[in-house]
Every structure is written in structure tokens, then in C-alpha cells.
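Inspection log for the structure reproduced underneath, given as C-alpha cells.
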Number of protein chains: 2
Amino acid sequence: MSDCDTCLVRNRAICSALMPDELAVLSKLGRKQNVTRGQTLVWEGDESLVVANVIQGVLKLSVSTQDGREQIVGVVFPSDFIGRPFGKESPYGVTALTDAEVCIFTRTAFDGFAKEHPDLQHKLLQRTLDELDRARQWMMLLGRKTASERIATLLIEISDRLGAVGCSAIAPFLDKFELPMDRQQMGDLLGLTIETVSRQLTKLKEAEIIELPDRRSVVIKDRRRLENIATAA
Amino acid sequence: MSDCDTCLVRNRAICSALMPDELAVLSKLGRKQNVTRGQTLVWEGDESLVVANVIQGVLKLSVSTQDGREQIVGVVFPSDFIGRPFGKESPYGVTALTDAEVCIFTRTAFDGFAKEHPDLQHKLLQRTLDELDRARQWMMLLGRKTASERIATLLIEISDRLGAVGCSAIAPFLDKFELPMDRQQMGDLLGLTIETVSRQLTKLKEAEIIELPDRRSVVIKDRRRLENIATAA
DNA sequence: AGTCCGCATTGACCTAAGTCAAGCAAACGA
DNA sequence: TCGTTTGCTTGACTTAGGTCAATGCGGACT
């Protein structure tokens, strides 16, 4: 891999657990790779051959039924880790939602390196625990929330996670942002149809809680009210 | 804690990563505790003060909305690990579904010990990754499956996990078992109401796919067909 | 400028699951 | 032994969200 020193996510990715000399070793094992929107990095059910760090862009993790229903089970942002280390086939596919850049490793090479580096494993454990918490919050959404609660929650969540990627000191709340996905993908993430997503968005727009300047943009005009809807308060 | 040597789950819990002398140290930090059905070990939103291994019994992890809707986001069986190590408040409550016995540690003591024992952390990481995969499969269920698919999936899942606890060499498929939860809890786990759970169970009974000898027992009469329903094949 | 084309929106209608309200039966306590 | 409670089932009705079918609209290409 070319150059960890200039990596956009070097302070936030799991690599930040490593000392410079260790990082040099790891960097030899990986390489940067560009991925274009829609490209699939890992197929659901395939043996888990690679893991990666996201440098730029947004990717989805998704599961499908035989008859084609799809559920997005995770969305990864810059500095997040992708893949299933330590054996096992990948129970979900990984596909780019936007053009992206990842720092990719073969799973076996990464596993071997990780075994020797407890600090890296520790970071990975913390990240996995956080991801598990997030997955569980999403289970509540999928199991018990109404369509409008789901949409509101999604907008807040995306705003927060995009905000965390940028400089949060300058822009603590990101009230204007680009959706990293289309309506269908929002539906696949929320367990709704595209039509319901669309209807709920126009409802929020008509209530003047958000604006939709174009198909991909969202402006949050009344964050407080949006949060109230999201938490069913 | 009294005695790891005779612990029912010593070969399967994360403790199995440790050497005898290390285990002796860990055992000093924990103690066995009995929990009765319905008792809550950790409250949702409380600071995470304890972690534990499950020795016997079944517990639920659950999240609630302000207005009282509940979603069960995880079910833990003997040898599973409970709690949120390394800081943070617990985003879910932990409550016993059956009488249970756990081996409990204060979080800080456990964290300290884990930091010194990479093998233990490695086990914990693998377990957390598995748990995350399971949570994601459940997201597919909650987001995209119909009521009958959900019920069928639940019965298969409980049968499998109870089977894994017992001796799977003797009983590879557990076709008769006790549900570790009531109808309401099945609903909370599946994102359904109690009435829908009941109706779907009677439908499976009338199709002669299962039997329901009493409120807590299930007999799987036609596993193949049940699996077909579960996977929407 | 005009015409595709891929999304997104909107409307009319349908249905799976929720709600509300009885019944019912095993377990429980007097 | 008989109420009472607690959990489960069943039935009648409602509804949130899905389905199907137009329609709209902005961006890319000729």
C-alpha cells in the first residue's frame, strides 16, 4: 500500500492502534483500491477472503431472500472496518453505495497480523461492540417503529454519521447533506417500500420539518421536531 | 467464585481461552449468582457496571420506546457472554427469561483482566462477531419476513441453540423442546403482537408441522417443511 | 431544443397484521 | 373443592403500509 502517513482516516481507523514500525508492516499487506458506485466487493455467502478499511465513500452490507427481498443490515462510512475476520463465510454482501476508496487486505494475512497485535484486536473488538449496539438499535426500529419514525430516525442517523466524518468542531450538526443512497436503498434499510419512503418524505416536507432541494439532498429545518418523531416522543 | 473446575460451561465459555493459573486469577474476580425468572440484571440506559457468563438458563436483551413498545434484541444461552465491556452505558436491559445462574464480574475488574489477556479478548472478539452476524440475520427477519416466516425461523433457531447447549452428538436435531419464553416475549422478539404469534402457531399446528402439547412445549413434526417456511423457499 | 431514460412521486385499491373484545383452560390459592 | 388469576386462543373489525398503475421530472445524449 502506498502511504499510511497521508491516509485520510489514519487517526480514526483501527490502524491508529499501531506504532509507526508496526504500521509499516501492515501497510505492506494491504493496498488501496477504488470502488465505483454499485460495485460489489464481497458476495453474500462467499467465503470471506478479504477485509478492508473504508477511506472514502459509503458502502452497504445486505442480505437477500431467495425470492429477492433485500434487507440492508449495515452501512459503513469512512474509517469503518469491513469484513469478517477469523474464518467463516460472509453472511452478507458488501456493495458500494457511492464511489469509494478502501484499503484492502486478504483475510488470512490480516488475521495473522492481528493475532500478533493485541492493541489492534482491542480496537477491532471495540468497533465490533459499537457496531453490535447499532445493529440492535436498528432491530428496535425494524421491529417496532412506524414508517414516519423510521424515516425520521434514518435522517438523524445519516446526518450524525456524516457529521462525525467531517470536522465536528466546525459543524456540530450537519443540517444539509447528500443522501448516500437512493429511495429503494432507503426502503431496503428501513424495511419499507420505495413508495412509503417517498410518501413519508413528502409528509415531512409538507410539515416544513425538512426540505428536499433535489433527489439526493436533504435540509433539516427543524431538528428538534425531527428528533421527536424519531424517538416516538 | 467457588469453582471453575466443575463449571457446566467451562469448555464453551470464553474462559476456555485461559490457562489454569490465569483462570484461578479470574475466578477470584467473579462470583456465581442465581437469577430468578423475570429478574433484571442490567437496566436499559444504566451505566455498564457488570459483565457475566451465563452458566444456566436463558436471558433476554431488550430495548423499549418511551411509550412502552418493546423489542427483544438478543437472547443469551448457557456459555454466552453478557454485557458491554470497555465503558459505555448499556443500550439494552438484561432480564432472565427462565431461572438462571450466571458468573458475574464488575466491568472494571473484567476490563482490566481482559487487557492483560489477549487470548481472552480474541475469544470475546469472535463471540461478538458471531453475535453481530446473528443480529444482522435477525434484521432481515424483522425488516422483510412475513409473520409465518418469522415464527418458523424462531422455532428453528431455538431448537438449534438449545441443541447446541446439550450434547449434539446424541441429539443432532432437537425436535421436542421447551420454549424459554411466553407468547408476549415471542412477539417482542419477532416484532409481532401476541395474537399474531398465537394464530401463526395454531396454523402450523393445523398443518401438522408442529405439535403444542402444552403452552411451553413444541414438537417439530416436519422439520423440512418448517425450514422451507423459515427461509421463504 | 428535443427525446429518452432512470428515478421519484402520486393515486386508487388491497391485504397482512394490529386492535379490541370475548371466551377458555391450566395453575393457584383459600 | 371451588373461585380467581394468568396466559392463551379465537373472532370481528380496522388500519398502516404494500401493490399496481399512471404520471412527472431532471439530467444525458443527439
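In the text below, chain A, chain B and the rest are named by the order of the sequence lines, each starting its count at 1. FYI, side chains are in, hydrogens and waters are out, and symmetry mates aren't considered; it's all heavy atoms of this structure. Keep in mind that this is a model prediction, so the values were computed, not measured.
The pair Glu131(B)-Arg136(A) meets the salt-bridge criterion, with a side-chain N (NZ, NE, NH1 or NH2) lying under 4.0 Å from an Asp/Glu carboxylate O.
Met186(B) and Leu201(B) get closest at one heavy-atom pair: CE-CD1, 4.2 Å. Of all heavy-atom pairs between Lys60(B) and Ile72(B), the closest is CD-CD1, 3.8 Å.
A donor-acceptor contact closer than 3.5 angstrom is absent between the side chains of Arg150(B) and Thr196(B). Judged by distance alone, the side chains of Glu89(A) and Ser48(A) never bring a donor and an acceptor atom under 3.5 Å apart.
Direction change of the helix axis from one end of the helix from dA1(C)-dT30(D) to dA30(C)-dT1(D) to the other is 30°, with five pairs defining each end axis (rounded to 10°).
Inter-residue side-chain proximity for Glu208(A) and Asp222(A) is flagged as unmet; no heavy-atom pair is nearer than 4.5 Å.
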Between protein and nucleotides 8-19 of chain D, map the contacts as a letter string: B base, S sugar-phosphate only, - none, heavy atoms under 4.0 Å, written 5' to 3'. SBBBB----SSB

Please test Glu70(B) against Val63(B) for side-chain contact (heavy atoms from CB on, under 4.5 Å), starting from the C-alpha separation and ending with a verdict. CA-CA 6 Å; Glu70(B) 174 168 335; Val63(B) 180; over 6 Å; no

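Bounding nucleotides for the chain A contact on DNA chain C, 5' to 3', at a heavy-atom distance below 4.0 Å, are dG6(C) to dA12(C).
Remark: side-chain polar atoms of Arg144(A) are not paired, donor with acceptor, to backbone N or O of Gln71(B) under 3.5 angstrom. Side-chain atoms of Trp138(A) come within 3.5 Å of backbone atoms of Leu189(A) as a donor-acceptor pair (strictly under, hydrogens ignored).
In summary, of the residues considered (Val42(B), Val54(B), Thr40(B), Thr95(B)), a side chain to side chain contact (heavy atoms under 4.5 Å, CB included) with Leu59(B) occurs for Val54(B) alone.
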